[in-house]
There are 2 protein chains.
Amino acid sequence: MEDVTPRLAVLPTWLLGRADDRAHRILVDALSEHGFRGYHYRVLATLGDGGPASQSVLGRGAGLDRSDVATTVDDLQSRGLVARTPDPGDRRRNVVALTPSGRRLLARLDAVLAQAQDAVLAPLTPAERTRFVALLARLQP
Amino acid sequence: MEDVTPRLAVLPTWLLGRADDRAHRILVDALSEHGFRGYHYRVLATLGDGGPASQSVLGRGAGLDRSDVATTVDDLQSRGLVARTPDPGDRRRNVVALTPSGRRLLARLDAVLAQAQDAVLAPLTPAERTRFVALLARLQP
DNA sequence: ACATACCGTTGGTCGCACCAACGACACAAG
DNA sequence: CTTGTGTCGTTGGTGCGACCAACGGTATGT
């Protein structure tokens with residue numbers, strides 16, 4: 001299966017990167033079938049979890065740089081999925097909130113994401129998946 | 001540790017991506033301290049494993065697109081680490097080979113990489129590392 | 001009142017994966 | 001020997017994600 005040279009094939013970082021490539025491709029493909037990218041889902045998911053939020057809070061919740069939040073919210077707003085209004089209590093801030101259609105979309109994308117998770121972990125048994133995810137959690141930054 | 005919203009924090013693909021981000025950063029930082037990038041090491045490692053090779057073979061061994069092989073070999077050649085000569089037996093091809101200083105550099109980078117692997121897996125016990133790598137191997141494309 | 005810190009925006013960089021098209025060349029079928 | 005067919009290396013591009021710098025506008029603490 002692997003044409004890759006032994007020096008690379010043996011490196012944990014190589015295996016990790018390849019596994020992530022595969023996962024990423026599955027995820028991106030799944031989202032792009034619906035016309036969205038990872039950043040879109042991350043912002044919508046953050047809003048779905050925490051309700052309306054400033055872009056700064058959104059960035060922390062979605063793991064995005066504020067600059068990327070700005071362009072992503074631009075995009076979502078132009079599709080009518082979120083509303084961006086000035087915060088009356090702090091005029092530096094915008095309040096970003098899901099619109100009804102944004103909320104419906106999020107529910108659909110949640111299903112898409114769940115299916116993608118399953119596809120990624122398909123080679124493992126349920127018990128292995130649990131162990132794998134537990135080990136993965138230990139390797140977080 | 002994680003400010004990330006629950007909908008994301010629970011996704012295996014998210015954990016995998018974050019773990020890979022961390023690993024990637026450790027690796028890139030380690031290599032860049034010596035003035036190199038991942039592509040450089042991959043090509044040198046392929047040459048170290050298989051000896052002189054055409055760029056096409058090099059691409060397969062290093063997991064690179066031929067276009068990326070071309071620019072990477074350009075770079076390595078300009079630093080005197082590889083030699084690129086026309087293949088007398090097939091004039092479409094180049095033969096790329098390590099120079100003596102390329103071989104010495106590869107030995108140094110091997111050590112750098114080994115240390116980076118250790119840093120990445122530091123949070124796990126030796127037994128856990130073995131299990132983790134085994135599971136990772138099952139998730140390859 | 002003024003310094004400090006934060007907010008959102010714009011306009012970049014970098015690493016990596018990948019794709020398209022081209023001329024040069026090899027090779028096998030006719 | 002000519003004529004496909006296909007490979008090789010090169011150039012020039014795309015997309016995505018992570019990230020950085022600098023700016024004007026706004027709050028806030030001293």
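At most 12 non-hydrogen atoms from other residues, nucleotides or ligands lie less than 6.0 angstrom from CZ of B:R25.
We find that CD1 of A:I26 is positioned 18 Å from P of D:dC16, with the value rounded to whole Å. Summarising the geometry, the separation between CG on B:D75 and C1' on D:dG9 is reported as 17 Å, rounded to the nearest angstrom. Summarising the geometry, the separation between CZ on B:R25 and P on D:dC20 is reported as 7 Å, rounded to the nearest angstrom. As rounded to whole Å, 11 Å separates atom P of D:dC16 from atom CG of A:L31. Between A:W14 atom CH2 and C:dC16 atom P there is a gap of 11 Å when expressed in whole angstrom units. A straight line from CG of B:D90 to P of C:dC27 spans 6 Å, rounded to a whole angstrom. A straight line from CG of A:L8 to P of C:dA17 spans 11 Å, rounded to a whole angstrom. Spacing between atom CZ of B:F36 and atom P of C:dC14 amounts to 18 Å, rounded to whole angstrom units.
Sequence order on DNA chain D of the closest nucleotides to B:V73 and B:D21 puts B:V73 first from the 5' end. Between A:G63 and B:T71, the residue anchored nearer the 5' end of DNA chain D, judged by the nucleotide with its closest heavy atom, is B:T71. Nearer to the 5' terminus of DNA chain C, by closest-nucleotide assignment, is the contact made by A:N94 (compared with the other of B:D65 and A:N94).
Taking 3.5 Å as the limit, the base of C:dC7 and the side chain of A:S54 contain no donor-acceptor pair of atoms between them. Below the 3.5 angstrom threshold, one finds a donor paired with an acceptor across the side chain of B:D68 and the base of C:dC18.
Taking only side-chain nitrogens and oxygens, B:S56 comes nearer than 4.0 Å to OP1 or OP2 of D:dC8. Contact between the side-chain N/O atoms of B:R93 and the OP1/OP2 oxygens of D:dC8 is found at a separation under 4.0 Å. Listed pair A:R84 / C:dT9 meets the phosphate criterion, a side-chain N or O lying under 4.0 Å from OP1 or OP2. For D:dA18, one of the phosphate oxygens OP1 or OP2 lies less than 4.0 angstrom from a side-chain nitrogen or oxygen of A:R42. A close approach under 4.0 Å does occur between a side-chain nitrogen or oxygen of A:R91 and OP1 or OP2 of D:dA27. In terms of phosphate contacts, B:H24 brings no side-chain nitrogen or oxygen within less than 4.0 Å of OP1 or OP2 of C:dG15. Note on B:R66: every side-chain N or O is 4.0 Å or more away from OP1 and OP2 of D:dT7. Close to D:dT7, at under 4.0 Å from its OP1 or OP2, lies no side-chain N or O of B:Q55.
Nucleic acid contact class of B:G17 (heavy atoms, under 4.0 Å, all strands): none.
Using a 4.5 Å cut-off on side-chain heavy atoms (C-beta onward), A:P86 and A:R91 make no contact. Looking only at side-chain heavy atoms (C-beta outward), A:R92 and A:S56 stay at 4.5 Å or farther from each other.
Candidate nucleotides D:dG12, C:dC25, D:dC19 were compared by shortest atom distance to the side chain of B:S67, and D:dG12 ranks first. Side-chain proximity of B:Y39 to the nucleotides D:dA18, C:dA17, D:dG25 is greatest for C:dA17. Considering only side-chain atoms of B:L64, the nucleotide from C:dA17, C:dT10, C:dA5 that sits closest is C:dA17.
Because its NZ or CZ atom is both nearer than 6.0 Å to the ring centre of B:F36 and within 45° of the ring axis, B:R79 counts as a cation-pi partner of that residue.
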- Would you sort out whether B:R131 and A:R131 count as a side chain to side chain contact (heavy atoms under 4.5 Å, CB included), showing the intermediate values? CA-CA 9 Å; B:R131 279 196 288 147; A:R131 280 195 287 145; 3.3 Å; yes
- Message: One pair to check against side chain to side chain contact (heavy atoms under 4.5 Å, CB included): B:R42 and B:T72. What are the steps and the verdict?
- Response: CA-CA 10 Å; B:R42 290 204 226 166; B:T72 304; over 6 Å; no
